[in-house]
Number of protein chains: 2
Amino acid sequence: MGQSVTIRDVARRAGVSRQTVSRVLNDSPRVDPSTRSRVEEAIRSLDYAPSAAARRLSTGRTWCVGVVVPFMTRPSVVTRLAGIELELASTEYDMLVYNVESPAHRDKRIHELSRSGRVDGLIIVSIPLHRYETERLRATGIPTVLLDSHSPTLPRIVCNDIQGGRLAARHLLDAGHEGISFIGDFPRSPWGFSSSRLRLWGLRREILSRGVSFRPELVALGDHSRDAARELARGLLRSRNRPTATVCASDTQAIGVLEAASALGLAVPDDLSVVGYDDIEAAEYLGLTTIHQPLGESGRQAVRMLLDEMAGPRLGPRRKDLPVELVVRRTTGSAPRDIADVDRSAGEAFDGVRT
Amino acid sequence: MGQSVTIRDVARRAGVSRQTVSRVLNDSPRVDPSTRSRVEEAIRSLDYAPSAAARRLSTGRTWCVGVVVPFMTRPSVVTRLAGIELELASTEYDMLVYNVESPAHRDKRIHELSRSGRVDGLIIVSIPLHRYETERLRATGIPTVLLDSHSPTLPRIVCNDIQGGRLAARHLLDAGHEGISFIGDFPRSPWGFSSSRLRLWGLRREILSRGVSFRPELVALGDHSRDAARELARGLLRSRNRPTATVCASDTQAIGVLEAASALGLAVPDDLSVVGYDDIEAAEYLGLTTIHQPLGESGRQAVRMLLDEMAGPRLGPRRKDLPVELVVRRTTGSAPRDIADVDRSAGEAFDGVRT
DNA sequence: CTGAAAGCGCTTACAG
DNA sequence: CTGAAAGCGCTTACAG
């Protein structure tokens with residue numbers, strides 16, 4: 001079965017002690033060259049591989065990093081995950097992945113993970129922690145980095161959501177839009193995700209800073225899904241004073257908005273401009289204007305920050321903000337001259353009555 | 001730092017031996033109820049969590065399953081991965097994920113994984129193994145299940161690719177198509193993926209079994225990407241005797257074909273029918289007719305098969321085929337009456353010359 | 001440069 | 001039902 005060759009067998013074969021074999025294994029300089037080559041020869045001829053379990057117990061390090069993600073199949077999440085994997089692959093660390101499906105499940109996972117000694121460090125993706133969870137983590141002493149969520153005390157990598165909202169608003173305001181709607185996530189979902197809220201906040205600030213009035217009735221929040229966004233958009237777009245542009249909390253939701261526009265006979269971008277968020281792969285082939293986040297890179301940076309934390313505890317909290325950027329494609333354009341005209345002509349198309 | 005409470009501390013606190021604590025931890029029935037509750041109380045008051053590393057060394061089991069995937073961000077791959085994670089989450093096993101980016105990298109990963117004792121079992125996704133790799137795996141004795149790839153000896157879960165090709169062909173033949181093209185992956189990529197080849201094989205067999213001639217010049221193979229598929233499609237669709245329908249080895253490639261059709265002014269499905277493969281999320285909102293694979297379910301089944309293997313080696317090879325099904329949406333329709341007409345009218349649109 | 005001793009924190013038979 | 005002994009396969013000081 002292979003697995004039965006131990007360090008003891010190698011030592012016997014090479015005529016040395018187990019410690020010497022261990023030194024060769026760990027590249028210790030305090031080994032005579034000729035001894036070393038004898039040991040290496042023994043390792044080779046016995047096809048020996050050291051036991052990870054034994055090494056872990058004796059060194060007290062697992063050489064594993066745990067990654068906790070919600071909704072791992074979401075394009076933005078899996079891209080982050082791939083970034084984490086890529087960076088870890090260049091180290092000796094392995095990646096344990098836990099997909100959590102509910103807030104309760106999440107709490108349990110994080111708690112048990114932090115205490116079982118299964119991982120040397122933890123990366124928690126997109127999940128804001130309660131204060132008591134943060135405290136529990138500190139108590140266990142396990143190095144932890146948050147990716148895409150905020151915390152007053154834990155080290156974290158965040159993309160600048162407020163800036164993203166501002167960029168989207170600026171782009172639309174420059175094109176003459178004034179009725180800008182926002183479709184995002186429920187404000188008080190049990191997950192407590194904050195990105196949608198922050199993006200809206202940035203959008204609002206930019207609009208107000210331009211002296212344009214912000215219309216709260218154009219904000220519609222729901223599930224983070226295409227279907228929910230489509231229904232919300234349908235409502236907004238049928239209203240008397242409909243928006244000429246919509247900013248979404250994700251590309252997925254933006255796709256729902258495009259569907260709603262299409263169903264209502266509104267042309268994009270002539271009648272309606274749409275801006276997404278994330279720049280997932282689908283955004284490119286749909287020609288969706290969106291806010292690009294450095295998703296893969298954010299994962300890599302989270303790993304680097306975690307490695308730093310594991311090397312030695314830092315004094316204060318650490319936080320790194322990654323920039324986002326606007327990617328203009330084909331779903332945004334100038335505001336319609338006069339929205340009343342648009343509505344009138346849309347009306348004509350339906351009922352042939354001139355008003 | 002928390003981690004310093006050991007089984008010894010608990011034993012002392014409860015006034016019993018370490019073995020007794022161990023029995024309580026492992027739900028052994030041979031413990032007196034009152035002793036048990038004393039131990040449980042001690043565990044609680046000391047906030048004790050057993051060391052995974054120690055348990056692993058003494059039991060010889062890691063309680064980890066390794067998953068090796070290529071291109072983890074591909075929608076079809078991540079869906080499989082999520083299925084694996086979901087099934088593992090209902091067990092005590094953790095999931096180690098390795099994303100391999102090149103065939104060389106893959107060989108190294110699989111080899112070292114199988115020998116380091118880091119995992120109790122291995123799931124290898126979409127990667128056909130060389131014979132010598134298969135032999136090496138057997139030699140290590142590590143239970144292994146292949147998901148979405150074939151092997152004469154290893155246990156495996158496969159979706160029926162040949163059947164998928166047949167279903168696509170049948171659907172198109174029923175709609176009157178005769179010039180059916182196929183856009184798939186390079187036949188001899190270093191990865192050795194087989195699904196594209198098998199789907200083409202099924203397509204071909206179905207066409208021939210209907211007495212329709214198969215036109216090899218309508219088969220175009222390239223990189224598994226939207227861009228490559230778009231360029232291949234562009235070539236096919238501009239040829240004199242162009243196809244009226246295209247089957248693709250993936251939805252991603254089908255999207256490239258849709259782009260090519262759009263660029264050439266061909267209406268889908270009036271001028272061209274398109275069938276994808278996988279039924280990823282994008283297929284639904286693009287209205288893409290496709291072959292649905294039970295991606296998540298295939299991951300779950302791979303875990304169950306692996307757990308069986310780990311419970312005890314089976315006598316013979318095991319293989320499970322999962323069914324695929326056709327999902328008809330909006331990219332397929334009847335064959336154009338006379339393709340020459342179509343080409344003529346397209347020509348007119350361009351140059352205004354009547355032929 | 002090398003080895004004898006001790007230990008990492010559990011579990012597994014073996015007695016009683 | 002419970003405990004003393006031994007062991008899992010490494011590494012870490014400590015001598016020499």
Side-chain angles (χ1 to χ4, degrees), chain A residues 1-40 42-43 46-64 92 112 115-120 140-141, chain B residues 1-40 42-43 46-64 92 115-120 140:
Chain A
M1 294 292 280
Q3 286 304 73
S4 43
V5 177
T6 74
I7 198 172
R8 183 168 233 128
D9 302 311
V10 176
R12 200 145 38 200
R13 172 81 161 230
V16 298
S17 69
R18 289 175 293 163
Q19 290 88 314
T20 299
V21 177
S22 175
R23 286 189 195 97
V24 171
L25 252 27
N26 294 290
D27 288 322
S28 160
R30 332 190 99 252
V31 177
D32 186 272
S34 80
T35 310
R36 179 185 299 276
S37 62
R38 262 210 331 286
V39 170
E40 284 169 345
I43 289 175
L46 291 173
D47 194 31
Y48 166 71
S51 151
R55 171 172 284 173
R56 285 168 184 179
L57 180 57
S58 59
T59 60
R61 311 188 63 173
T62 64
W63 294 103
C64 284
E92 288 293 303
E112 75 179 34
R115 306 179 62 254
S116 62
R118 280 182 292 180
V119 296
D120 293 335
T140 64
Chain B
M1 294 294 281
Q3 287 303 74
S4 42
V5 177
T6 74
I7 198 172
R8 183 167 234 127
D9 302 310
V10 175
R12 200 143 39 200
R13 172 79 160 232
V16 298
S17 69
R18 290 174 294 165
Q19 290 87 314
T20 300
V21 177
S22 175
R23 287 191 194 95
V24 171
L25 252 27
N26 294 291
D27 289 322
S28 159
R30 330 191 101 252
V31 178
D32 186 272
S34 80
T35 310
R36 178 184 300 276
S37 63
R38 264 212 328 288
V39 171
E40 284 170 344
I43 289 174
L46 291 172
D47 194 31
Y48 166 71
S51 152
R55 171 172 285 173
R56 285 167 184 180
L57 180 58
S58 59
T59 59
R61 311 189 62 172
T62 64
W63 293 104
C64 284
E92 288 294 303
R115 307 180 60 254
S116 62
R118 281 182 292 179
V119 297
D120 294 335
T140 64

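Proteins get letters first, then strands, A, B, ... in listed order; numbering begins at 1 in each. Hydrogens, waters and symmetry mates are skipped; everything else that's a heavy atom, side chains included, is used.
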Per-nt protein contacts along nucleotides 1-8 of chain D (heavy atom under 4.0 Å; B base, S backbone sugar-phosphate only, - none) come out as BBBBB-BB
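- Within the 4.0 Å cut-off from OP1 or OP2 of C/dC10, not a single side-chain nitrogen or oxygen of B/Arg56 is found.
- Smallest separation of non-hydrogen atoms from A/Ile7 and A/Arg18: CD1-O, 3.6 Å.
- Whole-Å rounding puts the B/Arg118 CZ to D/dC10 P distance at 14 Å.
- Nearest approach of B/Gly15 to B/Arg38, heavy atoms of both residues: O-NH2, 4.1 Å.
- Across all strands shown, the partner of D/dA15 is C/dT2, judged by Watson-Crick or G-U wobble contacts whose two distances both fall under 3.5 Å.
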What do the steps show when you test A/Asp32 against A/Ser34 for side chain to side chain donor-acceptor pair (under 3.5 Å), and what is the final call? CA-CA 6 Å; A/Asp32 186 272; A/Ser34 80; 2.9 Å; yes
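- Atom-to-atom, CZ of A/Arg61 to C1' of D/dT11 comes out at 14 Å; the value is rounded to the nearest Å.
- Atom C1' of nucleotide D/dT11 and atom CG of A/Leu25 are separated by 11 Å, given to the nearest angstrom.
- The side chain of B/Ser22 sits closest to C/dT11 out of C/dT11, D/dC10, C/dC10.
- The shortest distance between the side-chain N/O atoms of B/Tyr48 and the OP1/OP2 oxygens of C/dC10 is below 4.0 Å.
- Between B/Arg56 and A/Arg56, the closest heavy-atom pair is NH1-NH1, 4.1 Å.
- Atom CZ in B/Arg55 sits roughly 18 Å away from atom P in D/dG9 (whole-Å rounding).
- Pairing each heavy atom of A/Tyr48 with each of A/Thr6, the nearest pair is CE1-C, 3.5 Å.
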May I have the step-by-step check of side-chain contact (heavy atoms from CB on, under 4.5 Å) for A/Arg12 and A/Leu46, ending in yes or no? CA-CA 11 Å; A/Arg12 200 145 38 200; A/Leu46 291 173; over 6 Å; no
